[in-house]
Amino acid sequence: ERGDEAAPPLCWAALGGHIPAFRALLAAGADPTAVDGMGRSVVFFAVEEGGPAMIQEAVAAREAAEPQLSPLHVAACANDSGGAVRSVLA
């Protein structure tokens, strides 16, 4: 059992890379900051299997709803050949 039965529909759209459905759910008021029962975000689902375009959509939607930079985002933007990302993920 994956434990994601409580995942909001937006998470499922992100997981499947269904950009039109993702956009329609957002337009209908879906929360791009929502998480499933295990605390996994819409962006997590997009990264898991949604593909690059879906990841961009999910990140943009989340940032529009709650603008902030995570430590991982800042590390990814640092130009140090991945050292900062490895440190954040360690």
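Predicted model, so just to flag it, every value in this text is computed and none were measured. The residues of the chain are indexed from 1 along the displayed sequence. Only heavy atoms go into these numbers, but all of them, side chains included; no hydrogens, no water, no symmetry mates.
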For residues [X] and [Y], report the shortest heavy-atom separation together with the two atoms involved.
{"X": "Ala61", "Y": "Pro32", "answer": "O-CG, 3.5 Å"}
{"X": "Phe22", "Y": "Ala58", "answer": "CZ-CA, 3.7 Å"}
{"X": "Leu25", "Y": "Ala13", "answer": "CD1-CB, 4.0 Å"}
{"X": "Thr33", "Y": "Ala65", "answer": "CG2-CB, 4.0 Å"}
{"X": "Gly37", "Y": "Ala6", "answer": "N-CB, 3.9 Å"}

Heavy-atom distance under 4.5 Å between the side chains of [X] and [Y], does that happen here?
{"X": "Phe45", "Y": "Leu10", "result": "no"}
{"X": "Val35", "Y": "Arg40", "result": "no"}
{"X": "Asp36", "Y": "Phe44", "result": "no"}

Pairs flagged by salt bridge (charged side-chain N to carboxylate O under 4.0 Å, His left out) wherever residues 24-34 is involved - sequence neighbours left out: none

Cluster question for you: counting only ILVMFWY and a side-chain heavy-atom cut-off of under 4.5 Å, with indirect links fine, are Val42 and Met54 together? yes

In Å and rounded to the nearest 0.5 Å, what is the CD1 to CD distance from Ile55 to Glu48? 11.0 Å

Run the side-chain contact (heavy atoms from CB on, under 4.5 Å) test against Ala53 and tell me which residues pass, sequence neighbours left out. Ile19

